[in-house]
Undergrad: 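Take this structure, written in C-alpha cells, and hold onto it; I'll ask about it next.
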Amino acid sequence: MNHLPQGWGRPRDDVYGAYDASYLQNSGPNQHTQQPVVTGTSVVALKFKEGVVIAADNLASYGSLARFTDVKRLRTFADAAVVGFGGDVSDMQYLDRLLTSLDTEEAYGTTGHTLNAHNLHTYLSKVFYKRRSEFNPLWNQVLVAGVDQEKKPFLASADLLGTTFSAPSLATGFGAHLAQPILRTLAPDEEAAAGLSKEQAVEAIKECMKVLFYRDARSMDKYSIAVVTKDGIDLRENEKLEAQSWAFAEKIRGYGTQVN
Amino acid sequence: MTSIGTGYDLTNSVFSPDGRNFQVEYAVKAVENGGTSIGIRCKDGVVLAVEKVITSKLLKPGANKRIATIDRHMGAVSSGLIPDGRHFVSRAREEAASWRKVYKTPITTSDLANRMGGYLQAYTLYSSVRPFGITAIVGGWDSERELPVDGQVGSGPSIGAGGKVEGKKYGGPGLYMIEPSGLYWGYYGAATGKGRQTAKAELEKLDLAAGKLSLEDGVKEAAKIIYIAHDDNKDKEFELEMTWISGLDGPTKGRHEEVPKDILEEAERLAKKALEGDDDEEEIKEEDKPAEGDKMEE
C-alpha cells in the first residue's frame, strides 16, 4: 500500500511489474459504425426538360484498394425513382433492403398510390437523421432522382447527417468538387435546366464521369447511368467511358519523376 | 345430429369417438356461407377472383377490397369470416417479410402455403382458441429467372447459384388452397365459398392440367365462373373483384396487381353475355352436402 489512491487495491508495481492496461475493459461506445469501410465514390446527376440523368461508377473501394469492380450503386425504386449511393456499401445494401420492404408494404394498399421521388427523398432523409441522432449513422450521401407529384423532374440530396438540399445539378464526394462546376456552367439555375434536352444532359453527365475518372483515384471507367422521366426508368449498368484522352497527363508536373 | 348432447363439439381440439374434430367442421360451415372465391393457375400467371356480396347500399363501390397483396409477387383471397381473412393476410405478410429477412429472397408460393397451413393447423390444437372460419386461396408467381439477392450489389459467379438440375424448369405460377383444418393442396383451379360446387364444375371444364389456358383467357373465365356461381343466389347484389400475377415478361411483370379496369369490364361484359346465352339451359344445381354434413348441425 502506498499513499497514492490510484495504486490502492492493485498489485504492487515493484513486486509484479506495471499493470497491463490492455486487460481493462473498454467502457467507451462501440466505434465500428463510426467510419465507412467499403466505399463508393461520386454520384453525379443533372435535371433536364422532362427528367433527370444520374450516374455513378461501378467501383467499391476498400480504402485505396479497388476491391469490387461490378458494384451497382444506382438502385431503382418501383419504376418511380433512382437512388444513387455514395459512401459505405454495406449501409447502401441495408437501405436497399429497407426500400424493398417499403415498396412491398406500399403495394399492400389498394388505392394504387405509389411513392414518388419526392416522398422517397423525405423518407430517406428521416431515416438518416434518426440514425445520426442515435450516434449510429448510415454512412452515405444519396441523390434521389425522379419525378414529383406534378410529374416534374425532381433531384435532391440527403446525407448521413440528415442534411437535405436540392439543385438542378448535384454531385456527391469528389464529384462535388470536379463535376459540379462543369454541370453549373450548363445549368446554372432551374430555367436553364428546363431548357436542356435529354441528349445534352446525358452528354454532360458522361463528360463529368470522364473528368472524374481522370482525376479521382477511387474511380473506375465502368459506370451505371439512368435516365428517369415520368414514363419510367432507363437504367444501363455496364457502360464504359468512351473517347478518353490522357494527353493532358503529359503536362502535369510536380509529381513522381517529373519534378519540374 | 348424433353429435348433439355428446359434448364432443363443445371445445376445440377434442376428438369424438369416431375420430372427428367438430369445431373444425363447424368452421368449414362458416366458409360455406361466404361469398365465392376462386383461383385459376394459367400457363403464364394466376388469377384470383371473388364474389363480393354487397351487404349495404351505403357502402362505397370498389372500397373494402377482399383480395390482398401478401408480397410483391403474391396475393390471397378467402371465403368465410372476413376478419379471420384479414388476420390470415396479416400473418401471411409477416411470414413473407420474415422469409425475406432471413433468406434475402422472395418466399415461394409453396413455402408460404406451408407456413400458413402450419399456422391454421395450430388453431385446431388448443382449447383457448378456435379454428379459422375461412378457406384461403393463395396465388403467386415464383420468378422463372435467376433473381438477385435482396440488396445484392455485384453480379456474383457468372454460372449463377448452384443446386440447379440441367434442363429442369424453375419458377412459374403457384396456386394453393388452405382450409380451416390447416390442410392445403396445390391446385390448377381452386374454388371455395357458397358457390364452390358450381365453380368447381366450371373449372373442371377448362382442362387446366393441360397448361394451355393463357392469363388473358383465364381472367375472362374467372369472371364468367363468378357470375355463374352467383346465378343460384340472384337476390343478393355483388361486386366482382379480380387480381392477377403474370410472369416477368407478362402484363404485371411478376407482381400481384388488380386487373386493370378496362380488362375487368370487358371480362364482366362477356360473363354477363355468356350467362344470358345459356339462361334456358338448366345449370347444374348445387347439391347440398350429403347426410354426413347434416349430422353436424346443431
Side-chain angles (χ1 to χ4, degrees), chain A residues 37-40 43 56-62 66-80 83-114 138 140 220 222-224 232-233 235 237-238, chain B residues 50 52 60-77 86 89-107 112 140 147-158 239 241-243 245 252-261 264:
Chain A
V37 181
V38 177
T39 57
V43 183
D57 70 23
N58 291 355
L59 180 69
S61 308
Y62 181 68
R67 179 66 185 81
F68 303 102
T69 53
D70 63 347
V71 169
K72 314 297 192 302
R73 296 193 290 125
L74 299 185
R75 321 299 288 189
T76 57
F77 181 80
D79 281 340
V83 187
F85 288 85
D88 193 86
V89 169
S90 62
D91 285 349
M92 168 180 103
Q93 288 181 293
Y94 167 78
L95 283 169
D96 193 33
R97 290 185 189 125
L98 189 70
L99 294 184
T100 301
S101 72
L102 182 68
D103 177 40
T104 308
E105 283 162 28
E106 200 54 27
Y108 293 165
T110 51
T111 50
H113 172 78
T114 50
L138 292 161
N140 298 104
M220 201 180 55
K222 255 170 49 201
Y223 66 100
S224 307
I233 299 166
L235 172 65
E237 290 189 313
N238 272 310
Chain B
V50 63
K52 191 167 81 185
K60 185 183 169 197
N64 305 311
K65 295 286 185 218
R66 289 279 307 281
I67 312 181
T69 301
I70 304 287
D71 200 333
R72 292 168 167 190
H73 62 297
M74 200 175 291
V77 64
R86 293 254 165 80
V89 165
S90 112
R91 177 69 187 199
R93 284 172 177 170
E94 281 172 23
E95 290 290 354
S98 106
W99 183 280
R100 273 197 194 260
K101 211 170 183 76
V102 173
Y103 300 110
K104 309 277 180 268
T105 187
I107 192 168
L112 187 96
L147 275 188
V149 171
D150 286 356
Q152 179 178 323
V153 293
S155 53
S158 55
E239 264 176 33
E241 196 181 313
M242 270 204 292
T243 63
I245 314 140
T252 80
K253 299 192 180 76
R255 294 174 80 107
H256 175 248
E257 287 172 1
E258 272 174 41
V259 173
K261 206 161 167 260
L264 181 76

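Throughout, protein chains are lettered first and strands after them, A, B, ... in sequence-line order, and every chain is numbered starting at 1.
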Undergrad: Just so I understand: if I count every heavy-atom pair under 4.5 Å between each of B/H73, B/Q152, B/R93 and chain A, which residue has the most?
TA: B/R93
Undergrad: Partners of A/S61 by side chain to side chain donor-acceptor pair (under 3.5 Å), sequence neighbours excluded?
TA: none
Undergrad: Between atom OG1 of A/T100 and atom CZ of B/R72, what is the distance when rounded to the nearest 0.5 Å?
TA: 5.0 Å
Undergrad: Could you tell me which of B/D71, B/I70, B/D150 has the largest number of non-hydrogen atom pairs under 4.5 Å with chain A?
TA: B/D150
Undergrad: Within the supplied structure, the quantity of interest is the number of heavy atoms (other residues, nucleotides, ligands) at a distance under 6.0 Å from A/R67 CZ; does it exceed 12?
TA: no
Undergrad: Assess whether a salt bridge exists between A/D103 and B/R255, defined as any Lys/Arg side-chain N lying under 4.0 Å from an Asp/Glu carboxylate O.
TA: yes
Undergrad: Which bit of B/K101 is near chain A, if near means a heavy-atom gap under 4.5 Å: side chain, backbone, both or neither?
TA: neither
Undergrad: Considering only heavy atoms from C-beta outward, does the side chain of B/V153 approach that of A/R75 to under 4.5 Å?
TA: yes
Undergrad: Would you say B/K104 has more than 12 foreign heavy atoms packed within less than 6.0 Å of its NZ?
TA: yes
Undergrad: Go through the structure and list residues passing side-chain contact (heavy atoms from CB on, under 4.5 Å) with A/L235, not counting sequence neighbours.
TA: A/L74, A/T76, A/A226, A/I233, A/E237
Undergrad: Of the backbone (N, CA, C, O) and the side chain (C-beta and beyond), which part of A/D70 lies under 4.5 Å from a heavy atom of chain B, both, or neither?
TA: both
